[in-house]
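Below is one structure; the comments refer to it alone.
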Amino acid sequence: MSEGTGLMIQADRLWNDLMTLGKIGKGKDGGVTRTSFDSEDIKARKFLLQLLKDADLDPYMDEAGNIFGQIHGKNPNLPAILIGSHIDTVHSGGRFDGAMGVLMGVEVLRSIKEKGIQPERTVKVVSFTDEEGARFDYAFVGSTALSGAISSDQLQKDLATALDQEGFSYLEAMKRASMEGGYFSRINPEELGKACVRKAEIKAYIEVHIEQGKVLESRDLAVGVVSGISGGHWAEVTITGEAGHAGTIGMLERKDALTAVGECLLAIEKIARDSGGSVATVGKVAVKPGSGNVIPGRVDFTLDVRDISDERRELTVKKINEALREISADRGVDCEIRPFQFIASVMSSPLVVEAIKEAFIELDYPICELPSGAAHDAMVMGGITEIGMIFVRSRGGISHHPDEWSSFEDVALGCEVLYHTTMKLL
Ligand code: HGY
Ligand code: MN
Ligand code: MN
């Protein structure tokens with residue numbers, strides 16, 4: 001136990017790491033921006049590698065840029081326990097989303113090591129490359145490569161065509177990052193297959209995450225166990241009308257792409273509201289040519305549809321697609337819908353859920369089970385291993401925002417639950 005706190009982990013040290021990492025990529029509004037392989041993400045990766053090195057956790061990076069620390073088990077042939085999350089962020093996001101899960105993994109491994117415990121099986125912490133997809137609109141890159149959720153050839157093709165706003169491809173960004181040398185040298189988008197692990201190599205994957213919702217807060221609880229994670233369907237939509245002079249083209253002669261999109265947005269909202277459980281979001285809209293005195297000729301927007309029920313989500317997507325085509329036909333504009341990513345919902349594994357619940361009981365804390373509306377690397381890992389997640393209370397449910405916050409006490413308890421869970425699974 002750590003002196004004075006009654007905890008097996010060192011909460012002060014963890015909090016200090018969390019606040020230090022939160023300064024990397026911090027902008028004027030207090031939000032953190034570390035998108036994959038940008039300069040701040042590289043700095044954060046270096047910070048994490050140093051932390052792992054200092055703790056003697058034998059760090060390494062794989063071909064996909066996933067960062068690992070580890071304690072080698074007495075029996076290296078036994079499947080390992082993996083604890084993880086991500087350190088990339090959305091644009092102007094918070095300090096906790098992802099980073100907290102990774103740093104708790106580091107803290108748990110550090111604590112195990114300091115107590116002189118050498119487990120039977122290997123335990124690793126992983127920071128997955130690009131969970132958020134904020135720079136290239138392509139998410140879950142590291143967990144997809146590691147789990148082999150899609151073939152490495154397909155992933156490489158996707159990364160070659162995924163572009164950031166400057167037209168820089170994912171593949172180029174990875175190659176550039178590999179030139180940092182040292183641990184980074186292993187990054188190789190042409191060898192992503194080497195980052196893929198076999199099912200037999202991992203016993204379970206555990207992820208701690210800020211809840212990003214208000215369930216725990218409303219129940220006055222600091223931590224909870226996740227029952228399942230909602231899957232998602234992501235697409236890009238292009239509506240093409242006719243650009244023209246804002247002063248000369250009469251209202252009845254126009255094929256305004258943006259007004260068509262206006263109608264589409266309301267239809268999307270209504271379909272999701274009436275679905276009985278799906279949520280649908282258009283979070284990014286680009287208007288072309290984008291001039292105040294020109295009728296918009298083309299609009300590109302993103303579509304994000306989530307639901308814990310795969311069947312209901314796909315029905316919602318079908319209805320949305322039909323509505324977009326119908327509205328476009330009525331307005332004489334073209335509509336192209338390009339689905340680019342799909343992840344099925346994943347239920348947590350009884351093996352990990354039971355271990356988490358036993359940890360709660362050991363700590364004499366009430367058990368609260370709740371679903372996750374947000375996506376996580378855990379759902380991708382669900383394709384290859386047993387998964388489970390622990391949620392930490394999120395102040396006001398605010399997330400993907402500079403004000404995102406979990407208290408010191410809640411973070412400490414979350415990490416303590418993770419420690420006890422890990423020990424049960426080892
Ligand atoms: O979009 C999500 O649910 C996650 O935060 N990446
Ligand atoms: Mn997020
Ligand atoms: Mn996250």
Side chains of [X] and [Y], donor plus acceptor under 3.5 Å:
{"X": "D97", "Y": "H209", "value": "yes"}
{"X": "Q212", "Y": "S399", "value": "yes"}
{"X": "E107", "Y": "S111", "value": "yes"}
{"X": "Q70", "Y": "D58", "value": "yes"}
{"X": "R313", "Y": "S275", "value": "no"}
{"X": "Y170", "Y": "D164", "value": "no"}
{"X": "S278", "Y": "D307", "value": "yes"}

Next on the checklist: In terms of relative ring orientation, are W15 and F408 parallel, tilted or perpendicular, with 30° and 60° separating the classes?
Outcome noted: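 Answer is perpendicular, since the angle exceeds 60°.
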Do NZ/NE/NH1/NH2 and the carboxylate oxygens of [X] and [Y] come within less than 4.0 Å?
{"X": "K270", "Y": "D274", "result": "yes"}
{"X": "R186", "Y": "E63", "result": "yes"}
{"X": "R34", "Y": "D38", "result": "no"}
{"X": "K203", "Y": "E386", "result": "no"}
{"X": "K318", "Y": "E314", "result": "no"}
{"X": "E191", "Y": "K194", "result": "yes"}
{"X": "K284", "Y": "D300", "result": "no"}

Checklist entry - Taking the six-membered ring for Trp, are the ring centroids of Y205 and F128 within less than 6.0 Å of each other? => result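 Yes.
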Checklist entry - Is the gap between the ring centers of F342 and W234 under 6.0 Å? => result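 Ring centres of W234 and F342 not closer than 6.0 Å.
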